[in-house]
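Convention: sequence-line order gives letters A, B, ...; per-chain numbering from 1. Everything quoted here is computed from the prediction, not taken from an experiment.
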Protein chains: 2
Amino acid sequence: MSPRKRASEELTKEMIIKEARSQFEKTDFQTVSMRNIAKNLGCSHGAIYYHFKNKADLFYTIIEQYFSKLNLLIDEVVEGSEADENKLQQVFFKFIEFGLNHQSQYELMFMLRNKEVDALAQKAANESYQKFANTVHSLSAQKLSVAEVWSIFLALHGFVSYYRGFVDRFEDAKAAAEVHVNFILKKM
Amino acid sequence: MSPRKRASEELTKEMIIKEARSQFEKTDFQTVSMRNIAKNLGCSHGAIYYHFKNKADLFYTIIEQYFSKLNLLIDEVVEGSEADENKLQQVFFKFIEFGLNHQSQYELMFMLRNKEVDALAQKAANESYQKFANTVHSLSAQKLSVAEVWSIFLALHGFVSYYRGFVDRFEDAKAAAEVHVNFILKKM
DNA sequence: CTCCCAATTGACCACCGGTTAATTAAAAGT
DNA sequence: ACTTTTAATTAACCGGTGGTCAATTGGGAG
């Protein structure tokens with residue numbers, strides 16, 4: 001019936017990503033659908049497939065951006081002017097904050113075990129962890145072992161993966177996060 | 001066409017639970033479907049609804065059993081004859097082992113954030129945690145604070161929730177688990 | 001031997017999902 | 001002005017889900 005619309009209403013990759021990201025802020029991967037993204041954009045769901053090969057393609061594009069974002073957060077802390085001890089604490093904090101303020105993304109980045117998205121995401125996740133590990137290692141006073149850094153990561157991950165969905169924003173778990181981070185710091 | 005079968009082939013609640021549990025060992029909650037359970041049982045999916053109100057009902061029944069199982073594992077360790085220090089370590093181990101050998105169940109017990117199953121499961125989860133916390137507290141040499149026990153739980157949870165899906169059985173992560181448990185035990 | 005009723009079936013409902021082929025129209029190129 | 005390219009729409013396909021329900025079946029009770 002209604003034909004195509006253009007010029008003023010051109011559909012761009014960016015628009016799709018933006019909408020997908022927005023839906024993604026509210027629910028999880030499984031729940032977000034191509035059809036719903038299209039509906040909210042006021043276009044047909046078929047149109048999205050002109051810009052993205054498939055759902056995994058679209059979502060991996062988004063995930064990549066969030067890995068960059070996380071890496072950037074770590075860099076920012078490192079380039080700060082505080083004492084290393086404080087920086088270390090801040091890195092832990094930032095990680096938790098990121099995880100709880102981008103829960104759906106964190107899920108896809110570090111929790112999803114899914115054939116579709118995996119191969120690519122796993123690689124990015126490993127790289128991201130390497131950055132984290134190197135940073136933690138170089139910031140710690142008495143140099144930590146590889147295993148210790150890994151345990152630290154797991155402990156942080158445990159915090160995020162538990163409070164995720166249970167709490168809406170990082171602020172709601174800030175106090176608990178403080179306690180947990182101190183617990184980790186005590187172990188080193 | 002094919003008529004009803006009875007007596008020899010009677011469908012019982014136990015059979016349904018068994019099959020659901022079995023499917024549940026292989027995939028997650030979302031993936032396991034009433035229809036597939038029925039197919040594997042050689043009955044129609046409608047029949048299942050005669051025995052269980054709905055999917056959540058069926059699955060909560062299963063989850064309850066697994067909470068009991070976890071509680072039992074903790075009890076077994078406590079009633080052992082070793083030193084408290086060793087018992088503590090064993091409790092941590094058993095928790096991880098349970099989590100990785102019953103991944104889908106663990107997911108439903110401690111990870112799923114879902115309106116359907118939640119209300120009931122959350123209560124059971126809290127009770128189960130209380131048991132864990134009390135046990136850890138009473139086994140620790142210099143008595144741990146409530147917050148410390150919680151952090152320990154989160155650290156263990158981090159291990160399980162990371163290796164889940166990444167590894168098939170506990171054995172595949174046993175070495176890593178040892179390292180992680182030692183990290184947690186350090187300085188306490 | 002018949003009748004009852006628990007147990008079971010299978011069709012049906014109303015959704016959801018991703019994906020794709022055919023079609024249309026706007027914009028760009030000539 | 002015309003063709004070509006490009007971006008969008010449409011509608012259908014295919015497969016899945018949970019859930020309901022009238023009709024049926026057959027085992028066991030009387």
**Student:** In whole angstroms, how far is the C1' atom of dG16(D) from the CE atom of Met34(B)?
**Tutor:** 15 Å
**Student:** Given atom NZ of Lys13(A) and atom C1' of dT6(D), what is their separation to the nearest angstrom?
**Tutor:** 15 Å
**Student:** Whole angstroms only, please: what is the CZ-P distance between Phe59(A) and dG17(C)?
**Tutor:** 11 Å
**Student:** Looking only at the side chains, is there a donor atom on one of Ser145(A) and Glu148(A) sitting less than 3.5 Å from an acceptor on the other?
**Tutor:** yes
**Student:** Set out, line by line, the N/O atom pairs under 3.5 Å between protein and nucleotides 14-16 of chain C.
**Tutor:**
none

**Student:** Does the side chain of His157(A) pick up a donor-acceptor pair with the side chain of Tyr106(A) at under 3.5 Å?
**Tutor:** yes
**Student:** To the nearest Å, give me how far apart CG (Asn36(A)) and P (dT19(C)) are.
**Tutor:** 16 Å
**Student:** Any luck finding a side-chain donor-acceptor pair between Thr31(B) and Asp28(B) under 3.5 Å?
**Tutor:** yes
**Student:** Under 4.0 Å between a Lys/Arg side-chain N and an Asp/Glu carboxylate O for Asp172(A) and Arg169(A)?
**Tutor:** no
**Student:** Can you pull the salt bridge (Lys or Arg N to Asp or Glu O under 4.0 Å) pairs that have at least one residue in residues 70-99 of chain A, sequence neighbours excluded?
**Tutor:** Asp75(A)-Lys131(A), Lys94(A)-Glu97(A)
**Student:** Rounded to the nearest 0.5 Å, what separation is found between the CD1 atom of Ile184(A) and the OG atom of Ser151(A)?
**Tutor:** 10.0 Å
**Student:** Of the candidate nucleotides dG19(D), dT8(C), dT19(C), which contains the atom at the shortest distance from the side chain of Lys55(B)?
**Tutor:** dG19(D)
**Student:** Please give me every residue in residues 45-52 of chain B whose heavy atoms get under 4.0 Å of an atom in DNA chain C, ordered by residue number.
**Tutor:** His45(B), Gly46(B), Ala47(B), Tyr50(B), His51(B)
**Student:** Has Lys13(B) got its NZ or CZ under 6.0 Å from the middle of the six-membered ring of Phe52(B), at an angle within 45 degrees of the ring axis?
**Tutor:** yes
**Student:** Using whole Å, what does the distance between atom P of nucleotide dG17(C) and atom CD1 of Ile37(A) come to?
**Tutor:** 10 Å
**Student:** Could you tell me if Gln105(B) and Glu25(B) have a donor-acceptor pair between their side chains, going purely by distance under 3.5 Å?
**Tutor:** yes
